[in-house]
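Within every chain, numbering begins at 1; the chains are lettered A, B, ... in the order of the sequence lines, protein sequences first and strands thereafter.
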There are 2 protein chains.
Amino acid sequence: MTGSGTPARILLADDHALVRRGVRLILDAQPDLEVVAEAGDGAEAVALLRDPTSDLAVDLAILDVAMPRLTGLQAAREISRMRTPPTILMLSMHDNEQYFFESLKVGASGYVLKSVADRDLVDACHAALRGEPFLYPGSERRLVRDYLERLRRGERLPPAALTPREDEVVKLIAEGHSSREIARELTISVRTVERHRENVLQKLGMRDRTELTRYAVRVGLIDP
Amino acid sequence: MTGSGTPARILLADDHALVRRGVRLILDAQPDLEVVAEAGDGAEAVALLRDPTSDLAVDLAILDVAMPRLTGLQAAREISRMRTPPTILMLSMHDNEQYFFESLKVGASGYVLKSVADRDLVDACHAALRGEPFLYPGSERRLVRDYLERLRRGERLPPAALTPREDEVVKLIAEGHSSREIARELTISVRTVERHRENVLQKLGMRDRTELTRYAVRVGLIDP
DNA sequence: GGGCCCATGGGGAGTGCCACCCACATCGCC
DNA sequence: GGCGATGTGGGTGGCACTCCCCATGGGCCC
């Protein structure tokens with residue numbers, strides 16, 4: 001991939017122009033990296049990569065996880081289905097288990113937090129371009145350790161998002177409804193509502209409704 | 001302010017190192033602007049400005065609205081109460097009315113969205129340093145027009161919502177901390193934490209922590 | 001000085017939430 | 001034809017949350 005002579009060609013997608021500009025400055029400072037295209041949302045990124053006339057020949061796509069129109073996750077899913085997809089590196093504000101696993105599921109090779117130093121971003125780009133799955137800044141993190149451990153044991157990823165019913169319950173919880181109200185709304189027993197809530201909390205590794213509420217906002221189940 | 005000879009001295013606070021790095025590269029490229037300090041959260045920014053030994057002599061503080069520990073808004077409130085406070089410019093991801101007014105209330109001279117171009121950020125810095133209240137990218141915005149209109153008519157800003165202490169408590173609640181944890185964090189009794197929570201719920205007409213969490217996300221006390 | 005807001009505490013009652021245990025019916029899939 | 005996933009339901013216990021009541025002291029404004 002990308003011989004030692006020509007720099008790797010990068011598409012950069014983030015909805016904040018300032019962030020884009022900053023990341024671009026960081027990457028272009030590297031002799032072997034070159035940002036050849038920018039996108040302000042996921043749809044734009046996909047369109048740029050699909051356009052046969054543009055002939056971008058992108059080696060690496062860096063996508064912000066959360067963007068308008070098409071999120072980075074959705075865009076990654078589309079991009080990884082192309083004939084000769086570029087390597088995908090997800091950029092995220094959130095040190096969040098769900099996002100991380102979702103990113104791997106949609107075909108990303110790397111997941112980098114915006115809180116890391118610029119050096120780490122450059123490292124992640126290099127690792128991704130070498131074909132190594134750069135998982136996280138700081139592989140000592142429990143999240144990654146557990147993930148690698150599961151990989152080693154041959155287990156497949158069960159991060160399995162939520163079931164449709166669980167999504168419904170989470171949405172109502174995050175909207176501030178009590179278990180009793182939700183039970184009435186869905187015409188099931190209070191116990192079943194609580195059961196769903198427990199399962200979701202356990203699945204996502206969360207403790208209470210406030211975390212659930214932030215999750216619901218993040219994934220777009222509700223508006224804040 | 002800042003003679004034409006020496007560049008203006010800037011403190012930059014944002015919890016995402018990558019964003020900090022990018023903004024710094026943008027600003028340092030200007031001959032008359034110089035980032036002399038960085039902070040990863042509001043508390044750090046305040047501490048740096050307060051420290052008499054550091055002698056930073058900061059002319060302009062650029063604060064991200066949403067940061068851990070102390071938000072940019074809380075930090076701005078503290079900073080503007082110092083003896084010789086620097087000019088304050090708020091940096092925000094959110095095109096949000098509440099946020100915008102809150103920023104003005106806590107003493108900020110400018111409010112810039114992260115979605116603007118780097119040129120606009122530089123312009124905002126220059127305007128703020130000249131003492132002009134640079135209100136928003138694009139002063140034709142209805143938000144700003146209405147605000148200026150109300151100022152002209154001598155109206156005061158809409159009611160002050162929450163007290164600083166209440167803001168702190170809400171932030172911690174929305175981050176998922178229990179009353180006991182918050183009490184330890186703020187070194188007050190559990191009863192007082194609960195008292196603040198009750199008052200806030202009553203003030204905002206809300207019922208529980210999930211509504212409070214959405215509120216905190218809306219006004220930018222926390223990120224989802 | 002008197003009033004008001006703010007921050008700090010406490011008691012008690014009722015309810016909700018959350019974590020552990022248990023079970024059974026259905027459906028699809030291999 | 002069993003096996004896992006999904007949805008449904010129950011019980012118990014402990015703690016947290018929410019809503020009432022009470023109070024004191026400091027600061028600010030008229």
Within residues 187-197 of chain A, which residues have any heavy atom lying less than 4.0 Å from an atom of DNA chain D?
A:I188, A:S189, A:R191, A:T192, A:R195, A:H196
For C:dT8, does OP1 or OP2 lie under 4.0 Å from any side-chain N or O of B:R165?
yes
In whole Å, I'd like the distance from the CG atom of B:L186 to the P atom of C:dT8.
8 Å
Nearest-Å distance for atom pair NE2/C1', residues A:H177 and D:dT18:
18 Å
Results of salt bridge (Lys or Arg N to Asp or Glu O under 4.0 Å) for A:R209 - residues two or more places apart only
B:D208
Got a sec, which residues hit side chain to side chain contact (heavy atoms under 4.5 Å, CB included) with A:R165, two or more places apart in sequence or on another chain?
A:T163, A:E168, A:L186, A:I188, A:H196
Mark yes or no for a side-chain to base donor-acceptor pair under 3.5 Å between B:E166 and C:dC6, with no hydrogen or angle criteria applied.
no
Distance-only, no hydrogens or angles: does the B:R9 side chain make a donor-acceptor pair with backbone N or O of B:A57 under 3.5 Å?
yes
Applying salt bridge (Lys or Arg N to Asp or Glu O under 4.0 Å), can you list everything that pairs with B:E34, at least two apart in sequence or on another chain?
none
Rounded distance in Å - CD1 (B:I182) to C1' (D:dA16)
11 Å
Is the distance from OP1 or OP2 of C:dC17 to the nearest side-chain N or O of A:R209 less than 4.0 Å?
yes
Between C1' of D:dA16 and CD of B:E198, the distance in whole Å
13 Å
Could you give the CG-to-P distance, from B:N199 to C:dC4, as a whole number of Å?
17 Å
I'd like to check the side chain to side chain donor-acceptor pair (under 3.5 Å) partners of B:E38; sequence neighbours left out, ordered by chain and number.
B:R20, B:R24
Got a sec, which residues hit side chain to side chain donor-acceptor pair (under 3.5 Å) with B:S179, two or more places apart in sequence or on another chain?
B:R197
Tell me, please, which residues at least two apart from A:R184 pass side chain to side chain contact (heavy atoms under 4.5 Å, CB included).
A:R180, A:E181
Quick check on D:dC15: is either OP1 or OP2 less than 4.0 Å from any side-chain nitrogen or oxygen of B:S178?
no
For the helix from C:dG1-D:dC30 to C:dC30-D:dG1, how many degrees between its two end axes (five pairs per end), to the nearest 10°?
50°
Quick one: list whatever passes side chain to side chain contact (heavy atoms under 4.5 Å, CB included) with B:A13, sequence neighbours left out.
B:L11, B:A39, B:A45, B:L63, B:M67
Take atom CG of B:D208 and atom C1' of D:dA16, then tell me their distance rounded to the nearest Å.
13 Å
